[in-house]
Structure formats: C-alpha cells, structure tokens
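Order of the sequence lines sets the chain letters (A, B, ...), proteins ahead of strands, with each chain counted from 1. Source: prediction; values computed, not measured.
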Amino acid sequence: MSIVSRLKPLVVKVLKELYSQDFREDDLTINITKPEFEGDYTLVLFSFVKQFKKSPEQLGKEIGEALLKTEPALFSSFNVIKGFLNLGIGDAYWLYFLQTNYADKRIGLRPANDKTIIVEYSSPNTNKPLHLGHLRNNFLGWSVAEILKTTGHKVIKTCIYNDRGIHICKSMVTWLQFGNGATPDSTGTKGDHFVGDYYVLFGVEHKKQVEVLVADGMSKEEAEKNTPIMLAAQKMLVDWENGDPGVRALWQKMNSWVYEGFNETYKKIGSDFDKNYFESETYLMGKEIVEDGLAKNVFFKKDDGSTWIDLTADGLDEKLVLRKDGTSIYITQDLGLADKKYEQFHYDQSFYIIADEQNYHMKVLKLILQRLKKPYAEGIYHLSYGLVELPTGRMKTREGTVVDADDIIEELKNVAKLKTEELGKVKDFNPGELNELYETIAIGALKFFLLRVDPKKRMVFNPEESIDFHGFTGPFVQYTHARIKSILRKEKPSATHPSTVHSQLLPKEKELLVLLEQYGTVLDQSLEEHNPSVLAIYAFNTAKTFNTFYTEHSVMNAESEEKKQLRLQLSELTSNIIASSMNLLGIKVPERM
RNA sequence: GGUCCGGUAGCUCAGUUGAAUAGAGCAACUGCCUUCUAAGCAGUAGGUCAUUGGUUUGAAUCCAAUCCGGAUCACCA
C-alpha cells in the first residue's frame, strides 16, 4: 500500500476525533512536499479553515500533533507554513519498504482479476509498408495491453488487416501492367515495400493518364474517375468480390509478400497478437445485425432502399449503415466485427487504439451498439491518439514525406552503432551481442520518443531529436540501468547481512527511495488513464534521481558495511523498477552498454 | 457553419480532479573523468502559462467571450 493511501485514512480518523466531522478520503489533498520545505508529504488545510472557523496555523498544529500521537512510529515531525501541514515520515517507513521490496524482480505485478479485455491495436492496409503513425499506434496499444496484463486483467491482443478493397487492387493492377513478373526475391526487396512501390507507381501512372484525358478535353473531375488504370482497378475489385480465381490468386500472392514484410517488422518492434482478423473475412459481417436492428426499429429504410440510423437525439446526424444496393460500408463491418469478437472472447471491455481522426466514427459505433442493446456496448472504448507530424507538418504520401518504419529503425540502429563504437565500452561483445544491443537501443529510443507524450495529444516527430540519446530519452534510462547492473555484478545485497531497517537515510538516498515508493501509484495512474507516458516520465525521473545519488555517494566504497548494503539494496530496487516500467513500454534494458 | 481537441521557455513536452517561488529535456553558456560506465553530474541564462473578463482565501488549471491552429461532419476506409 502506498504511503498516501495510508496517510488519508489516518487524517480522516484524526479529523473525526478532533472535530467530530466525517470526511471522505477524496476530500483530502495530500501532495508530496516541495523540496524547499521541510517534510515529506503535505496536507493542504485551506478547505477546513472556513468549516472549523480556525486559523490554518492552529488547525495544522492540532492535526499534526494528533497524527504524531496516533502513529508515533510513522511520523517523525511536522511543521505548518501558511495553510500547509508538512508531515515528516520517519526513515523506518522507507527502510521497511526497501527491505521488503528490493529483490522483487516482478515489482508492480498484481494478482489476477476476472476481467477480459480485448485490445485491437494495429490495423494496417496491405498495400504499403508501416510508417511512423502505425508505430505510435502499435507502441501505444502494446503498452496499454501490457499495463492491463500486469494489473491482473486477461488481455487478448488483436490486429485487423485491411486486406481488400480498391487500394489493394491498385497495387495489383499496377504490378500486372508494369511488374514483368518481378517478385520481392527477384529484386531483393522486402515484401511490403515491394508491393508499396507498385501502389506509389499507380499514383504516378494515374496522374499521367489524367493529364492525357484532360488534354483530350475531359474535365479533371471526370478524368480522375476514367483513366484506364483506374477502370482496371475498379474492374478488378468487382472480379475479386465475385471470386474470380485469377484475381484471388494474384491477391493472395501479393498479400503474402506483404505479410512476410509485416511479420519481420512486427517482430523487430515486439508487436505480438493473440488473434488476427482479416477484412476480407469480416467485410460481409454486420448485415445480419442490421437486419435485426431493422426488425427492432433501431434502423429505418429510406425510399431508395438504403438503411439508416437516426442519431440526432444524441447530437449527431443520420448515419448510413447499408447502401441502397444492400452492400455494407465501413461501420457495418465494424458492427459485425465487434459482435464476432464478443462471441469469441466474451470481453468485458473492448479497446480500439485508433487515431483521433476517427473519433466521430467510433462514437457512432458505440452508440449504435448501445441502441441495439448489445451486452458489450458499454465496454467499447476508443483509445484515441493524436497524429504524428513532422516539423514541416503532416506526413503526406504524395509528397513523399512519410517516415517509413523500417527506415527509421535502421537509421537509429546506425546511430547506436556509431555511438557505441565511439565510446568503446563493450569491445568484448561478439557480433551477435552487438547487433542485439544496437537494436535494443534503437527500438528503445524510438518507443520512448513516441510514448513519452500524452497519447491524446498530437505530437511532432523531429528526426534530429529522435537520434539524440541524451536527456529525456530511452537510451538515457537504459544507460542508467546498465550502470546499476555494473555495480550489482561486483556485489549483490547480502541476504544474511543484519537488517538495514534501523539505518539513517541521507538526503539523496531518501529522495530516491521516496520516488521508488511511488511506483505503484504511477502504475495505477497509467492504468486509469490508459496512458503509458506517465510511466515513461517516471522511469526518466527515477533514472535521473539515481544518477544524482550515484554521483554523490559511492556504493562499493560506502562509509560502512551497513551503508554499502543499504545502497546495494537501493540500487537493486532502482534497477528492478526501471526494468519493470520500461518493459511495460516495450523497451528492453541492457546489462551493459 | 455544427461538434470535438489543442495554444505553457527559441524548440519538444510535463503540470490541467484549483494550492507554496510554473518544471524537465534539447539548443546556448560555465565547471567536473588517475575514484562503482562522462550515453553522466553540478551550475548560469531563458516565461504577459494565446487574449480579455469572471468565480475563489488561492487560477496555467474552473466559467464566459475572443483570437490562432488542427480534426471531423461521404452510399471512402
């Protein structure tokens, strides 16, 4: 139990005894004491002043004295400044926490509960490689899923492949017309990039053909729809839907190239899925749900035969759910997929990690499911994140400003290599170990960079900043971990050494320990907010605080054996907490770097 | 136009369930490697918290209005 959750009931109890008034723990404001004041935690008194008609100074004195009397073992001192009651917590509390937790490698892990949560955190199109936007999505979803797992939830990670549709046909048609039978193997190109190149080529060809048509007198708008290559793609889509064997075979072949490429990238970035869904298998689902909803008058038909839902009562519009020709649209598929997932996993909650461009769409999805009185509707949760932009603005495929996932990882690996060679600290590593280290650092830098920002907010990805391994970065935290491990390789805390619980803590020791004690609270916050960035910030602060401690005090050459043991324990606890919090972000921490 | 999100140091971001003198990192400048890893540490400098008004003992935080930026409102996905 964290210190704050221990303090609050005590204050409630004391207030009751002193003033015969009941307070809820939520009524209390207890913050960590600012460094410029004496004390560890601070109770803010202003809210009581009016109620009890006493001065803050007097209240503080009375409450402080009562607390000290009630728990003399916990509190060591108090002081009142203006409306703030600063409470000193005795070293014994912190030392007991250290003693009982330092060796826990799985610190933070909670007992299992009975909640099942399904997390959909990747939804790539199979016509082009993954880019920076996909990475934020993947890193975020993976991390949120791991946070849920470590706090005891059963989690199912899923991916939905958008593997059909006009965009896929564009790559296919272009490959048929211009590919001359080339394959990823024959060209030595990664499969997803290979297919993506034809998608780009489609755009180039299409543009050329538009110009020809316009020169022949067609309007630009008309021409856009009528280039030979566009018509071919549209025909291919119809053929695909009709199950044309040739088209299906081509589709399977090209998609398999893409999956091979995706799998390589997913493996590298550590994305894993318990269940894959494919749009080609789900795009017809949902029609039954619409039929059902029509019968229940949740939906209605217009004269042209199209099916709609009226969401104006909820401040939205009328929304189409089936086209007039009876074919389904995006939202229809999503209704079907939500149902399918529930059928398969009976989830309590269903998370969708999707960019905030789709806020409206996700609101509609949940609302429709609620109108349909689906048992799982309340559990639908859209974890909306902001787009990743470049310093020059939004990434645009057409302008070639999209940052490719594989490229950026490779670039960061190179930086890691150069930096590591320059420092020369791991000259004894074999090539395999070196490659692993470079990858650990590169992925760590990238994940930390994308996860350290509040997911809800738009963020700017500055390529120059991302290759900086100093300061508020993944490699900084990784480095601190390696530093600690270097000490612990020399000596581990002794299990037989007499207890350190009666030691005296120096300011830097205490500062670190107080921070380490907050790990559980931080984990709670990241869980409640579905926000990995609080863990990233915490891991950085912990590393920074350790480095300050490390510079000021020697562990191995401590003043006494007892001090050495205490610092070894502190070091081990720090490394465990850094490792745990970084692992929840999907970041590995090296033993040496 | 309706709805939603954002505007904090030169840049990137914390802080937004109200609380003490608004914090980090980068960039700039000054120091510290015969001592457990200098991918580090210590320090200097840098702010009308978009603007105006309001509520409050107390506002970056809550309310209102305004300005600026973004997203969305398709028989696209």
ask   = How many Å lie between NZ on K363(A) and C1' on U3(B), as a whole number?
value = 7 Å

message = Please report the distance, rounded to the nearest Å, between CD in E529(A) and P in U17(B).
response = 10 Å

D163(A)-T126(A) side chain donor-acceptor pair, cut-off 3.5 Å = no

query = Is there a Watson-Crick or G-U wobble partner for U3(B) with both distances under 3.5 Å, and if so, which one is it?
reply = A71(B)

message = Taking 5.5 Å and 30° as the limits, would you call F84(A) and the base of A20(B) a stacked pair?
response = yes

inquiry  = Check the phosphate of A71(B) against R394(A), side-chain N and O only, distance under 4.0 Å to OP1 or OP2. Yes or no?
reply    = yes

key: Touch class at under 4.0 angstrom, heavy-atom based, for S306(A) against every strand present   = base

Short N/O separations, protein against nucleotides 27-35 of chain B, under 3.5 angstrom:
none

inquiry  = Mind checking if F472(A) touches a base, just sugar-phosphate, or nothing, with heavy atoms under 4.0 Å?
reply    = sugar-phosphate

request  = For salt bridge (charged side-chain N to carboxylate O under 4.0 Å, His left out), just list the numbers for E439(A) and K588(A), CA-CA rounded to whole Å, side-chain angles, deciding distance to a tenth of an Å, and then say yes or no.
outcome  = CA-CA 10 Å; E439(A) 205 151 282; K588(A) 293 179 191 155; over 6 Å; no

Residue matched to A14(B) through Watson-Crick or wobble contacts both under 3.5 angstrom = none

Interatomic distance, H361(A) NE2 vs A77(B) P [rounded to whole Å] = 10 Å

ask   = Would you call the rings of F540(A) and F476(A) parallel, tilted or perpendicular, where under 30° means parallel and over 60° means perpendicular?
value = tilted

query = So which nucleotide does G31(B) pair with, by the Watson-Crick or G-U wobble rule with both distances under 3.5 Å?
reply = C41(B)

ask   = For U37(B), does OP1 or OP2 lie under 4.0 Å from any side-chain N or O of K490(A)?
value = yes

query = Between atom CD in E559(A) and atom P in C36(B), what is the gap in whole Å?
reply = 16 Å

message = What is the separation between atom CD on E389(A) and atom P on G6(B), rounded to the nearest whole Å?
response = 15 Å

query = Do Y385(A) and N137(A) get their side chains close enough for a donor-acceptor pair, meaning under 3.5 Å?
reply = yes

task = Would you tell me if any nitrogen or oxygen in the side chain of S486(A) comes within less than 4.0 Å of OP1 or OP2 on U37(B)?
result = yes

task = Mind running side chain to side chain contact (heavy atoms under 4.5 Å, CB included) on Y538(A) and S526(A) for me, showing each step along the way?
result = CA-CA 10 Å; Y538(A) 175 79; S526(A) 75; over 6 Å; no

task = Round to the nearest Å and state the distance from Y538(A) atom OH to G25(B) atom P.
result = 18 Å

task = Measure up the H206(A) and F202(A) rings against each other and bin them: parallel (under 30°), tilted (30 to 60°), perpendicular (over 60°).
result = parallel

inquiry  = Can you pull out the residues from residues 30-37 of chain A that lie within a 4.0 Å heavy-atom distance of RNA chain B?
reply    = K34(A), F37(A)

ask   = Paired with G47(B) by Watson-Crick or G-U wobble geometry, both distances under 3.5 Å: which nucleotide is it?
value = none

ask   = OP1, OP2 of U57(B) versus side-chain N and O of K50(A): anything below 4.0 Å?
value = yes

K457(A), R458(A), R136(A), K396(A) screened by salt bridge (Lys or Arg N to Asp or Glu O under 4.0 Å) with E389(A), the one that passes = R458(A)

message = Is it the case that the base of A74(B) and the side chain of D317(A) share a donor-acceptor contact (distance under 3.5 Å, atom types as modelled)?
response = no

key: Parallel, tilted or perpendicular: rings of Y161(A) and F262(A) (30°, 60°)   = parallel

message = When both hydrogen-bonding distances must be under 3.5 Å and the geometry is Watson-Crick or G-U wobble, what is C62(B) paired with, if anything?
response = G54(B)

ask   = Does F46(A) lie flat on the base of A19(B), that is, centres under 5.5 Å apart and planes under 30° off?
value = yes

request  = Determine the interplanar angle of the F52(A) and F48(A) rings, folded into 0 to 90°, and report it as parallel if under 30°, tilted if 30 to 60°, perpendicular if over 60°.
outcome  = parallel

message = Using the ring centroid of each side chain, check whether Y283(A) and W240(A) are separated by less than 6.0 Å.
response = yes

task = Rounded to the nearest angstrom, tell me the gap between atom CG in L59(A) and atom C1' in U57(B).
result = 14 Å

